[in-house]
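In this chain, numbering begins with 1 at the start of the sequence shown. Small disclaimer: the values here were computed from a predicted structure and weren't measured.
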Amino acid sequence: MKTAFGFVQVMLKELRDHFLFDDDISIDEVVEVMLYADRTSEVVDIVRRFVESILCISDRFDVEAKKRISVKAVKSLSPQVLFKLSTIKFSPDIKELPEDIFDNMPNVRFIDFSNTSIKSFPSSMLCLSNLRFLNLRFCKVLDLLQLCSITYFKKIELLDLSGTLFKEFPGNIFEGLDSLRLLDLSKCSQLLSLPSSIFCLINLEHLYLRSCKNLSVLPSSIQGWEKLQVLEMTETKLIEIPEQFFKNMNSLKQLDLSSNLHLTSIHTSLHDVDHIVTSSFPNLQILNLSYVPVRQLSLKNCPSLETIALLSNKNLEKLDLSSTNLKKFPIQGDDQDFDSLKQLELLNTKHLITIDWKDIKWLPQEVNWAQCGDGTTSHMYIRPFQQSRDGVFISVGDADIFHTLTPSSKLWKKSLSQFVVYVCPCEERGRGKTLTPRRATLRYDDIFSKIKRSIPSYERCLEIERVNKLPKGISGILSHAQFFILHDEKIIMRLSDLGIKNMGALRECLLERCHAMQAVFSVGAKVQNQPMLMCLEKIQISNLMKLTHMCESGRKLEHRSFGRLKHIQIEHCPQLVNVFSTSVCLKSLEVLEIKFCPRLEEIFSGKENEEGSLPQLKTLCLLELPALKNIIHNVWLVSLEKAQIKGCPRLRELPLRSDRNIQNNNQKVPRIVVKCELECWEQLEWKDKNVKQQVSFIDWQPFQTPKQG
């Protein structure tokens, strides 16, 4: 092996001397690959025969280096040597060749004229019926008519015309070249258009049109290219690509259209101007559209697409990467690179399961990660931002995508200062809006229909529905959300399982039809002595069939907890026993509404409430609470102005105290208005006998069935 290795090193050194390897290629690496053969003697023999088949021709003989032979010396070679030749490389100093130089060379497969100054091909070249590779790179003085002879090389597979100065090619230049697999026209800076015969290359696999800076026209008709795998067409003057250009390119794997600064439209049969649609590329893996001023780009249903480059697309408004094979988030640049991008579609990107959010510097206005964000929002409670350029709408099917989005991410200040995040499994999209509601009793229906729900306008909103597992990855989003709505799900037993510490910014919370929820906030021993939910102002709860407590705790809550809570609204929770199981303060609570909770016995069950609790409560609404006995222990509702009570037969006391200022001034205008049934009014007991004089009673009239229209 050592002997063979040494022989191969010497032979490969000779190959390098013949300019067949660049200086930066390691001989050891090449030798290591070649020695994979089973028998080293065969390797040595193969390399020896290969070296013998190579001829490097110069305009003059290099006596010192002995690396080349001169043009004149070719004729001195024996017929046996000429017969074995397969590769011929001409040095750049070649300007003219004898007409018969290729005589007796029937096995030549590779001819390299690159960087030479030849003007015409020798006539004997037409006899090279086995020619496979013709390199005319940077042959800048070659006569245009000479290219017509290329049609004689029926077996040619690789043709390099890069760096030539032709403005156009003969119309029939590519006719009959059925074996051509690679065509390189890069850096043809004078080229204006492509010949129509280019589509005769039915077996073409690679086409390079890099830096054809004057190319402005493409053929409008296309018939072949079903086998094309790589197309690089960069830095051209193209304004549009014809409608039929990409037709039947089902094998295309790599497409580079970067730096086409004038390209604003790529027509297909599916879309109009300013759109690129590549749904006909089932095998496309790599796409580069950097510095291309298109407005809308759809790569929907390109199932093999793994990589896309979109640097500095300042005109791009909508990007659809749905059903692709992406594994990396497609936008890695700053917002300056995507000034106009408003919508990013990532529906059904099954391999983009999670991302590293610290690598993302900017987000567009709308990001749809799942079909639940399919462009319509009728199934959502929260409306995404329509006008604000600063707001971001993100729709996902699984909250795990946010696992690495930490509360301290820089995105919160730059891109997520305003956001709407919507989480819903794709298969469940919109079901909450299409289900036929169960018809309620007339009494409930009549009262309920008078409540007009309005979704508030907050800058940071989170909506979750129909999840099939606890969305633990949502903590980063939740920690910055001001408005949170959870509805129509059967998994979450306690909202606090998402982390009470993650709800510090929450101002409003809406819970509907959470069928597994038993308690909204379950306060453990670790957080009992710490203030929680200090920003929460309003909570609405309805149709939680298993809810027993809104807030349960074994000990008294820290007095600053729920310090800004102004409005509590609870409806139709048939298992609810109490709202707060422990003592509270609630210094900001103004409105308390509880309806249709048949097992509710006490609202505030704590026995050791601080003096001065509920100092701001002004409105109290208690409807259809047949088990209710007590509102709160040892607390006076000193600010109450309005109370509505109906269907509470066991309630005996309203914790009201007379206002001495009103009593001393003999004011006759009642301070408190109580609307309730006459029977309820008559059985109320008053600890402060004077307060009844400051209360105005309004009888609640019996319910009347509305007339059928």
Side-chain angles (χ1 to χ4, degrees), residues 110-119 121 131-153 156-225 227-242 245-246 249 251-263 266 286 288 292:
F110 179 111
I111 296 181
D112 187 352
F113 285 118
S114 61
N115 295 289
T116 64
S117 298
I118 62 169
K119 296 182 179 179
F121 299 138
L131 188 65
R132 299 292 197 276
F133 181 13
L134 178 59
N135 188 351
L136 299 174
R137 183 179 177 84
F138 289 110
C139 292
K140 296 185 177 182
V141 297
L142 185 65
D143 187 83
L144 176 63
L145 295 178
Q146 293 296 308
L147 296 181
C148 296
S149 60
I150 293 178
T151 57
Y152 288 92
F153 307 125
I156 192 169
E157 297 180 10
L158 294 89
L159 177 60
D160 190 344
L161 293 168
S162 60
T164 56
L165 299 179
F166 303 117
K167 293 184 179 181
E168 60 181 2
F169 293 110
N172 63 343
I173 181 175
F174 300 118
E175 290 181 0
L177 302 184
D178 294 347
S179 298
L180 194 66
R181 295 185 295 112
L182 184 148
L183 175 61
D184 193 346
L185 301 177
S186 300
K187 296 184 179 180
C188 292
S189 57
Q190 304 298 319
L191 187 64
L192 300 176
S193 62
L194 297 177
S196 58
S197 62
I198 195 170
F199 294 121
C200 296
L201 304 176
I202 57 176
N203 290 303
L204 191 66
E205 296 176 0
H206 297 254
L207 175 60
Y208 299 104
L209 293 164
R210 296 184 293 257
S211 300
C212 295
K213 296 186 177 181
N214 282 295
L215 181 64
S216 57
V217 179
L218 293 176
S220 58
S221 61
I222 178 171
Q223 296 176 353
W225 289 12
K227 296 182 179 180
L228 190 66
Q229 298 180 19
V230 178
L231 173 59
E232 297 186 9
M233 190 162 52
T234 65
E235 294 184 77
T236 70
K237 275 190 176 181
L238 290 171
I239 298 176
E240 66 176 6
I241 294 180
F245 186 79
F246 290 113
M249 289 190 190
S251 300
L252 195 64
K253 295 180 179 179
Q254 182 175 332
L255 176 61
D256 188 350
L257 298 174
S258 60
S259 300
N260 285 296
L261 302 180
H262 306 284
L263 184 63
I266 297 181
I286 300 174
N288 190 349
V292 179

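The shortest non-hydrogen separation linking L177 to I156 is CD2-CG2, 4.0 Å. Smallest separation of non-hydrogen atoms from F121 and S149: CD1-OG, 3.3 Å. The minimum heavy-atom distance between G171 and P195, with the atom names listed, is O-CB, 4.0 Å. In terms of heavy atoms, K227 sits closest to N203 at NZ-OD1, 2.7 Å. Nearest heavy atoms, L131 versus F110: CD1-N, 4.1 Å. Summarising the geometry of N260 relative to M233, their closest heavy-atom pair is ND2-O, 2.8 Å, with the distance given to 0.1 Å.
Put simply, CD on E205 and CZ on R181 are 5.5 Å apart, with the number rounded to the nearest 0.5 Å. Atoms OG1 and CG, on T234 and L263 in that order, are 12.0 Å from each other to the nearest 0.5 Å. Taken to the nearest 0.5 Å, the CG atom of L144 stands 8.0 Å off from the CD1 atom of I173. Taking CG from L257 and CG from L231, the interatomic distance works out to 6.5 Å, rounded to the nearest 0.5 Å. The structure places CZ of F138 at 9.5 Å from CG of L165, a figure rounded to the nearest 0.5 Å. Note that the CZ atom of F174 and the CG atom of L204 stand 9.0 Å from one another [nearest 0.5 Å].
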Set out, in order, the CA-CA distance, both residues' side-chain angles and the distance that settles side-chain contact (heavy atoms from CB on, under 4.5 Å) for D160 and Y208, then state yes or no.
CA-CA 9 Å; D160 190 344; Y208 299 104; over 6 Å; no
side-chain contact (heavy atoms from CB on, under 4.5 Å) evaluation trace for L147 with L142:
CA-CA 9 Å; L147 296 181; L142 185 65; 4.0 Å; yes
Output, in order, the C-alpha distance, side-chain angles, deciding distance and verdict of side chain to side chain donor-acceptor pair (under 3.5 Å) for S211 and E235.
CA-CA 5 Å; S211 300; E235 294 184 77; 3.0 Å; yes
Between R137 and S162, does the side chain to side chain donor-acceptor pair (under 3.5 Å) criterion hold? Intermediate values first, please.
CA-CA 5 Å; R137 183 179 177 84; S162 60; 2.8 Å; yes
For S197 and N172, run side chain to side chain donor-acceptor pair (under 3.5 Å): C-alpha distance rounded to whole Å, both residues' side-chain angles, the deciding distance at 0.1 Å, then the answer.
CA-CA 6 Å; S197 62; N172 63 343; over 6 Å; no
Determine, step by step, whether D184 and R210 satisfy the side-chain contact (heavy atoms from CB on, under 4.5 Å) criterion, reporting the C-alpha distance in whole Å, the side-chain angles of both residues, the deciding distance to 0.1 Å, and the verdict.
CA-CA 9 Å; D184 193 346; R210 296 184 293 257; 4.0 Å; yes
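Taking the side chain as every heavy atom from C-beta outward, S216 and I239 never approach each other to under 4.5 Å. Taking 4.5 Å as the limit, some side-chain heavy atom of F169 sits within range of a side-chain heavy atom of L191. For the pair I202/D178, a side-chain contact is recorded, criterion being any heavy-atom separation below 4.5 Å from C-beta on. A 4.5 Å side-chain heavy-atom check between L194 and L185 finds at least one atom pair inside the cut-off. Proximity of Q146 to I118: side-chain heavy atoms (C-beta onward) are nowhere separated by under 4.5 Å. Put simply, the side chain of T236 does not reach to within 4.5 Å of the side chain of L209, judged on heavy atoms. Counting only heavy atoms from C-beta outward, the side chains of M249 and L255 never approach each other to under 4.5 Å.
Side chain of N214 to backbone of L192: no donor-acceptor contact under 3.5 angstrom is found. Under the 3.5 Å distance criterion, the side-chain polar atoms of W225 are matched with a main-chain donor or acceptor of I198.
Atom OH of Y152 is surrounded by 12 or fewer heavy atoms from other residues, nucleotides or ligands within 6.0 Å.
Evaluated for a side chain to side chain donor-acceptor pair (under 3.5 Å) with Q254, the options E232, H206, Q229 yield exactly one hit, E232.
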